[in-house]
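For reference, the structure discussed in these notes is given below.
Proteins get letters first, then strands, A, B, ... in listed order; numbering begins at 1 in each. Basis for what follows: all heavy atoms, side chains included, without hydrogens, waters or symmetry-related copies.
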Amino acid sequence: MSGATWTAGSNPALSAKKLRTAAGNRAAESQGESMARPVRTRIAPSPTGDPHVGTAYVALFNLAFARQHGGQFILRIEDTDQVRSDVASEAMIYDALRWLGLEWDEGPDVGGPHGPYRQSERAEIYREHAERLVASGDAYPCFCTKERLDALRAEQREKKLALGYDGHCRSIPPQEAERRRKAGEAHVIRLAMPREGESVVRDLLRGVIRFPNEQIDDQVLLKSDGFPTYHLANVVDDHLMEVSHVIRAEEWISSLPKHVRLYEAFGWDEPVFCHLPLLRNADRSKISKRKNPVSLNYYRRAGFLPEAMLNYLALMGWTMPDEREEFGLDEFVDELKLEGVTLGGPVFDLAKLTWLNGRYMRRLEPAELLARLRSEILSDGYLLEVLPLVRERIDTLDAFMEYSQFFFTGDLTYDDAARTKLVAKGRTAPQTAKALRTLLEDHLDGLMEWSAENLEEVVRGFCEASGWTPKELFMPIRVAVTGSPATPPLFETMAVLGKELCRRRLRNAVTELRSMK
RNA sequence: GACCCCAUCGUCUAGCCAGGUCAAGGACACCGGCCUUUCACGCCGGCAACACGGGUUCAAAUCCCGUUGGGGUCGCCA
């Protein structure tokens with residue numbers, strides 16, 4: 001353990017109960033350190049889908065902590081998964097964080113002294129570092145095939161053994177490994193973890209955490225495509241970017257020993273690690289899109305104010321000294337004590353968020369409220385998209401609202417007529433529910449470019465594959481998404497409504513259909 | 001299953017580190033009332049929790065151990 005740096009820049013009056021004493025001693029020791037490192041924090045999302053509410057949550061705490069200490073908050077794009085990463089997702093992350101007012105000091109789009117800030121542009125750096133570890137014996141090439149690893153896992157599962165790589169290639173003599181690499185044999189680079197003893201790591205909120213080393217397998221650092229895994233990339237980058245505090249989600253605790261081992265192998269000081277509790281669904285599982293809206297795009301489209309959103313997110317991990325629940329980002333920056341973050345996984349409660357949002361709305365001057373309405377719900381741009389679709393169906397201006405109201409409302413209520421049409425002709429309610437659900441989850445959720453053309457292609461493709469005819473399926477979709485059997489062309493309507501609203505309404509329709517038994 | 005984390009009202013939490021002032025406080029939701037032409041807002045009131053079992057102590061929501069429960073991780077994803 002490198003030891004000293006965990007106190008860098010903070011005043012760790014630790015709240016972790018079990019370590020109070022030890023922590024207090026360490027804090028006292030470090031008080032003489034006038035050379036505290038500047039505080040630098042980061043958010044490191046991977047651009048593989050819709051911008052996630054959890055990203056905003058973690059970003060908020062990182063930004064607040066950095067700002068409180070006059071440090072920097074960095075945005076780093078972790079796009080080392082070549083298949084899953086895409087530029088549309090990256091752009092949405094920027095948009096969503098900016099919408100919330102979570103501005104970063106350094107990042108791919110704003111630059112900074114430690115760039116590039118997009119990991120795909122740093123591949124060479126990771127490769128060099130991986131080689132350093134191979135040279136020092138802290139990592140080794142592994143030639144195991146996917147088939148062998150699958151078989152290994154299957155066997156371990158069957159025999160109820162601990163899962164993980166068995167270290168097969170670790171015993172290959174370095175010279176031979178080198179020869180095979182030169183010969184062009186496909187391989188990855190794995191971290192050589194100690195096999196006995198225990199790894200002792202420290203989390204700001206929880207104190208010391210111990211892991212038996214036999215539990216920790218040899219993690220892949222460099223994939224066979226030459227790209228790093230998260231484990232290598234995040235450690236290398238956090239060090240090179242001089243990140244002082246790694247504030248991230250709790251799900252990373254299990255891999256902390258590997259990260260700590262990497263710092264040690266490189267001979268680097270560790271940052272302070274602080275793992276925030278995971279946001280939860282109502283059933284207490286980790287928040288997920290099956291059970292909760294998780295896309296920041298949804299919250300924006302659904303008419304939540306960014307400042308209310310931020311306020312609520314702060315409440316998910318922090319309580320003000322006077323227990324006030326309504327406060328702005330500046331107050332949060334002033335008052336936050338990282339060590340005081342609450343540990344229980346908070347259930348994300350839409351009802352309370354909605355209440356808070358209402359409070360914020362009522363506080364705004366009418367003119368300001370109108371400006372919000374104009375920018376999010378009644379923008380000229382949106383109106384201009386809706387108008388062409390409705391125009392042919394109305395004869396006077398005042399009929400506009402009547403024919404277009406579903407473009408401006410949130411959740412729909414299906415009347416009896418609508419409920420009837422929600423069920424596909426010649427099919428049952430459960431069948432229709434299943435089709436809509438599959439369409440949504442397997443085909444629509446992953447669609448990044450929500451255009452009429454793409455939608456049509458995807459939906460027709462689904463029909464072909466599933467044996468549903470367009471004639472059967474289009475009406476239920478139409479009613480689900482608009483609440484009415486008479487609407488402008490389906491895919492254009494869906495494109496204008498946007499992904500978030502369509503997704504939400506489709507999901508509600510599935511619930512509705514299921515209730516019909 | 002193994003390892004790790006967590007544990008106060010249905011939900012978010014205060015209190016816990018420095019045990020007594022806690023017959024456990026606040027907020028959301030829910031219920032009732034007031035205000036009001038209606039609804040909403042606002043205000044007032046109500047319902048509702050220390051997971052369980054041991055231990056330490058004059059005293060435990062607070063400290064210790066165990067159990068139970070919940071969660072996370074176990075990928076050439078992050």
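- Side-chain nitrogen and oxygen atoms of A/T342 include at least one within less than 4.0 Å of the OP1 or OP2 phosphate oxygen of B/U13.
- When each of A/L256, A/T41, A/L276 is tested with A/R248 by the rule side chain to side chain contact (heavy atoms under 4.5 Å, CB included), just one qualifies, namely A/L256.
- Atom CZ of A/F227 and atom P of B/G75 are 23 Å apart (whole Å).
- RNA chain B is contacted by both A/Y312 and A/D217; A/Y312 maps to the nucleotide lying nearer its 5′ end (nearest heavy atom per residue).
- In this structure, the CG atom of A/D225 is 9 Å from the P atom of B/A78, given to the nearest Å.
- For the C1' atoms, the distance linking B/U21 with B/A60 amounts to 15 Å, nearest Å.
- At the heavy-atom level, A/P277 lies nowhere under 4.0 Å from the strands shown.
- At the phosphate of B/A7, neither OP1 nor OP2 sits under 4.0 Å from any side-chain N or O atom of A/R284.
- Nucleotides of RNA chain B nearest to A/Q215 and A/L278 differ in position, and the one nearer the 5' end is that of A/Q215.
- Comparing B/C12 with B/A7, their C1' atoms sit 15 Å apart, to the nearest whole Å.
- Whole-Å rounding puts the A/F143 CZ to B/C76 P distance at 16 Å.
- For the pair A/E251 and A/K286, the minimum side-chain heavy-atom distance is below 4.5 Å.
- Contact check, A/R153 against B/G75: a side-chain N or O comes under 4.0 Å of OP1 or OP2.
- Atom CZ of residue A/R42 and atom CG of residue A/D105 lie 15.5 Å apart, to the nearest 0.5 angstrom.
- Look at CE on A/M193: it is 14 Å from C1' on B/U73, rounded to the nearest Å.
- Because its NZ or CZ atom is not both nearer than 6.0 Å to the ring centre of A/F348 and within 45° of the ring axis, A/R280 does not count as a cation-pi partner of that residue.
- Remark: the separation of the C1' atoms in B/G19 and B/A27 is 28 Å, to the nearest Å.
- Counting any heavy atom pair closer than 4.0 Å across all strands shown, A/T48 reaches no nucleic acid atom.
- Using a 4.0 Å heavy-atom criterion, one finds that A/T80 contacts the sugar-phosphate atoms exclusively.
- Nucleotide B/G75 holds its C1' atom 18 Å from the CD1 atom of A/I189, rounded to whole Å.
- If you check every strand for non-hydrogen atoms under 4.0 Å, A/Y230 touches a base.
- At the heavy-atom level, A/V188 lies under 4.0 Å from base atoms of the strands shown.
- Across all strands shown, A/R362 has heavy atoms under 4.0 Å from sugar-phosphate atoms exclusively, and none from any base.
- Across all strands shown, A/E78 has heavy atoms under 4.0 Å from sugar-phosphate atoms exclusively, and none from any base.
- Note on A/K223: every side-chain N or O is 4.0 Å or more away from OP1 and OP2 of B/G75.
- Residues A/E214 and A/R195 are not paired through a salt bridge, judged by the lack of any N-O separation under 4.0 Å between the basic side chain and the carboxylate.
- Centroid-to-centroid, the aromatic rings of A/F61 and A/F65 stay 6.0 Å apart or farther.
- Cation-pi geometry between A/R363 and A/Y360 is met: under 6.0 angstrom from the ring centre, within 45 degrees of the axis.
- Nucleotide B/A78 holds its P atom 15 Å from the CD atom of A/E90, rounded to whole Å.
- The base of B/G71 has none of its N or O atoms less than 3.5 Å from a complementary donor or acceptor on the side chain of A/E250.
- Under a cutoff of 6.0 Å and an axis angle of 45°, A/R190 and A/Y165 form a cation-pi pair.
- Taking the P atoms as reference points, B/A61 lies 14 Å from B/G54, given to the whole Å.
- On the C1' atoms, B/U62 is 11 Å away from B/A24, given to the nearest whole Å.
- To the nearest whole angstrom, the two P atoms, one in B/G75 and one in B/U13, are 31 Å apart.
- Contact between the side-chain N/O atoms of A/S46 and the OP1/OP2 oxygens of B/C77 is not found at any separation under 4.0 Å.
- Residue A/Q119 contributes atom CD, which lies 13 Å from atom C1' of B/C77 at whole-angstrom precision.
- Among the atoms of the strands shown, only primed sugar atoms or phosphate atoms (P, OP1, OP2) are found under 4.0 Å from some heavy atom of A/R359.
- The phosphate of B/U73 has neither OP1 nor OP2 within less than 4.0 Å of any side-chain N or O from A/K258.
- Against RNA chain B, the stretch residues 314-321 of chain A makes heavy-atom approaches under 4.0 Å through A/L315, A/M316, A/T319.
- Nucleotides B/U38 and B/C22 are separated by 42 Å at their P atoms, to the nearest Å.
- Separating the P atom of B/C30 from that of B/C41 is a span of 9 Å, rounded to the nearest Å.
- With respect to A/R76 and A/E106, no salt bridge is recorded, no charged nitrogen being found less than 4.0 Å from a carboxylate O.
- Applying the 4.0 Å criterion to OP1 and OP2 of B/G26, one finds that A/R324 has every side-chain N and O outside that range.
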